[in-house]
Protein chains: 2
Amino acid sequence: MITNKNCIIRLSRYKNALYRLRESGAVKVFSNNLADAIGVLPSQVRKDFSFVGISGNKRGGYQIDVLIGKLNSILGKDELQKVIVVGAGNIGTALMKYNGFEKEGIKILACFDIDPRKCRRSGKIPVLPLKELKDFVIAHKIKIGVIAVPDSAAQAALDIMIASGISGVLNFAPIALKPQREAVINNVNLELELESVIYFVNARAKTERGSAI
Amino acid sequence: MITNKNCIIRLSRYKNALYRLRESGAVKVFSNNLADAIGVLPSQVRKDFSFVGISGNKRGGYQIDVLIGKLNSILGKDELQKVIVVGAGNIGTALMKYNGFEKEGIKILACFDIDPRKCRRSGKIPVLPLKELKDFVIAHKIKIGVIAVPDSAAQAALDIMIASGISGVLNFAPIALKPQREAVINNVNLELELESVIYFVNARAKTERGSAI
DNA sequence: TAGATTGTTAATCGATTAACAATC
DNA sequence: TAGATTGTTAATCGATTAACAATC
């Protein structure tokens, strides 16, 4: 099994590039085309494919249709991926309104919030009371959830999610979560992402000033 | 100069942990305390400090106050970091409403949108017409910007930003951007982050089914 | 066949971890 | 002094890149 997150993300990028290539009329593709398309080396492409057991034709490259099919299967696009969001705040709402998930076969079935004033049963994606999370997740056999609650509520949210059978979490709370049993947790910390940009810009500015002397 | 983004992110985490330690009354700290606090090895802590020229006292650890000061200086917290956001959609709005930036010395001065209906001069953070971006960025000497516009508008947004003097960008558009001159670009792709969780959950499920046979 | 491309093995690179001499 | 901790050097690890035999 692959454990390299970068590899998975590249597989997604290959797939997106392949859709564009197919639309422009291409039928087959070589590792160097794909490499150019996403900005890596051809050997990286072949290595990634080798990791996940994708093979092409010596000298003949890869059939785009076949390749898209294989990548979709590997990335879990064969079936609809059902997701819930916990926390109907800014980030949670942004995710619910985001249109890009549908075309990727990802469907946010519901959002949950502890604040009854934020709950709305009507609407394309219902916002339900947190209490209902467990039954909902079990009923819909949901495995993936997003945590978009304040820091102080994040661990409790995770505990409920895990207890309900969720085993993969995308976490936006800037806090280290401890799952009660093994789970996939992917942390996205927007503050740190912005801080890292700030650091590198400032560092560059300092270096340039320094070297100008 | 450090080029390792992970290292910078750890420095931020050390700093946050140090604030907590100081609040609980601690005055000095050892590399293993910090390591425990953020979940890395003590040698990683010392290595990171060595990268950025932070030194402590042999046998005496590090003075928390001094250490916080040094980290803040390295991370650019000495001065207010002024940031603009381009795109007043879901993500842009979520960032504007997010309260965590202020305590980190990050201030979103304004948001810009091409759609005049989204513009509001009043309000804590004004939403201004995109046309005004250049003058605003020059007038306020802004170096950092966030791209939160749809894919199709992202490259144009970057071009305007770069032309206005911005040299660091946090980009939420799921597209590869090409800066017209050298710039720091940090891409956050929420879709890929979620897809990677989905992959690892599915992969684990498959492996477990496989190994159960 | 000659030439091009894959798939895999080997080399490189960068980051993390371990080890340990210096020293407080 | 003996013991503990730093700071740095060396070893390890994992991922990326290069090289090349296999082969279409």
Side-chain angles (χ1 to χ4, degrees), chain A residues 1-14 17-18 21 26-68 70-71 74 176 186 192 196 199-200 203, chain B residues 1-14 17-18 21 26-68 70-71 74 176 186 192 196 199-200 203:
Chain A
M1 191 176 70
I2 314 144
T3 53
N4 182 341
K5 186 179 148 189
N6 291 337
C7 172
I8 300 306
I9 289 191
R10 284 194 301 269
L11 293 176
S12 275
R13 290 192 206 277
Y14 298 141
L18 285 165
L21 285 166
V27 172
K28 66 179 185 180
V29 72
F30 302 108
S31 59
N32 72 322
N33 305 136
L34 273 174
D36 289 348
I38 80 156
V40 298
L41 292 166
S43 52
Q44 177 86 81
V45 176
R46 299 198 299 275
K47 190 74 170 170
D48 286 339
F49 286 179
S50 142
F51 278 136
V52 296
I54 288 178
S55 59
N57 314 299
K58 290 240 158 97
R59 227 207 91 123
Y62 307 82
Q63 291 288 322
I64 291 180
D65 275 335
V66 176
L67 194 47
I68 288 177
K70 284 181 183 170
L71 286 170
I74 289 161
N186 191 0
L192 292 185
S196 111
Y199 170 80
F200 286 110
Chain B
M1 191 176 69
I2 314 145
T3 52
N4 182 342
K5 187 180 148 188
N6 291 337
C7 172
I8 300 306
I9 289 189
R10 284 193 302 269
L11 293 175
S12 275
R13 291 191 206 278
Y14 298 141
L18 284 165
L21 285 166
V27 173
K28 66 178 185 181
V29 71
F30 303 108
S31 59
N32 73 319
N33 305 136
L34 273 173
D36 289 348
I38 79 156
V40 297
L41 293 166
S43 52
Q44 177 86 83
V45 175
R46 299 197 299 275
K47 190 75 170 168
D48 286 340
F49 286 179
S50 142
F51 279 136
V52 295
I54 287 177
S55 58
N57 314 299
K58 291 238 159 100
R59 228 208 91 130
Y62 307 82
Q63 292 287 322
I64 291 182
D65 275 334
V66 177
L67 194 47
I68 288 176
K70 284 180 184 170
L71 287 170
I74 289 161
N186 190 0
L192 293 184
S196 111
Y199 170 80
F200 286 111

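Naming convention: chains lettered A, B, ... in sequence-line order (proteins, then strands); numbering from 1 in each chain.
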Of the listed nucleotides (C:dA22, C:dT6, D:dT16), which one gets closest to any side-chain atom of B:Lys58? C:dA22
Nearest-neighbour nucleotide for the A:Arg59 side chain, C:dT16, D:dG7, C:dT5 considered: C:dT5
Between A:Lys5 and A:Asn186, does a side-chain hydrogen bond (donor to acceptor under 3.5 Å, both in side chains) hold up when you go through it step by step? CA-CA 10 Å; A:Lys5 186 179 148 189; A:Asn186 191 0; 3.2 Å; yes
Got B:Ile54 and B:Leu71 here, is their nearest side-chain heavy-atom distance under 4.5 Å? yes
A:Val40 side chain near A:Asp48 side chain, heavy-atom distance below 4.5 Å: no
What integer distance in Å separates [X]:[atom1] from [N]:[atom2]?
X	N	atom1	atom2	answer
B:Asn57	D:dA4	CG	C1'	13 Å
A:Lys47	C:dA11	NZ	P	13 Å
A:Leu67	C:dT6	CG	P	11 Å
B:Asp48	C:dG14	CG	P	17 Å
A:Ile9	D:dT16	CD1	C1'	16 Å
B:Lys70	D:dT6	NZ	P	13 Å
B:Leu11	C:dT16	CG	P	11 Å

Would you indicate, yes or no, if [N] has its OP1 or OP2 atom less than 4.0 angstrom from a side-chain nitrogen or oxygen of [X]?
X	N	answer
A:Asn4	D:dT16	yes
B:Asn6	C:dT16	yes
A:Arg46	D:dA18	no

State whether the number of non-hydrogen atoms from other residues, nucleotides or ligands found under 6.0 Å of A:Arg10 atom CZ is greater than 12. yes
So which one's nearest nucleotide on DNA chain D is more toward 5', A:Thr3 or B:Gly61? B:Gly61
Contact class for A:Tyr62 vs. all strands (heavy atom < 4.0 Å): base, sugar-phosphate, or nothing? sugar-phosphate
Heavy-atom donor-acceptor pair, A:Asn33 side chain to A:Phe30 backbone, under 3.5 Å: yes
Taking all atoms of both residues into account, what is the closest heavy-atom pair of B:Ile74 and A:Tyr199, and its distance? O-CD1, 3.2 Å
Indicate the atoms forming the closest heavy-atom contact of B:Phe200 with A:Ile2, along with that distance. CE2-O, 3.3 Å
Show your reasoning for whether side chain to side chain contact (heavy atoms under 4.5 Å, CB included) applies to A:Ile38 and A:Leu34. CA-CA 6 Å; A:Ile38 80 156; A:Leu34 273 174; 5.6 Å; no
Of all of residues 27-44 of chain A, which get a heavy atom below 4.0 angstrom from DNA chain D, listed by number? A:Leu41, A:Ser43, A:Gln44
Could you work out how much the helix from C:dG3-D:dC24 to C:dC24-D:dG3 bends, comparing the axis of its first five pairs with that of its last five, to 10°? 10°
Check whether NZ of the Lys or CZ of the Arg B:Lys47 lies under 6.0 Å from the centre of the six-membered ring of B:Phe51 and within 45 degrees of that ring's axis. yes
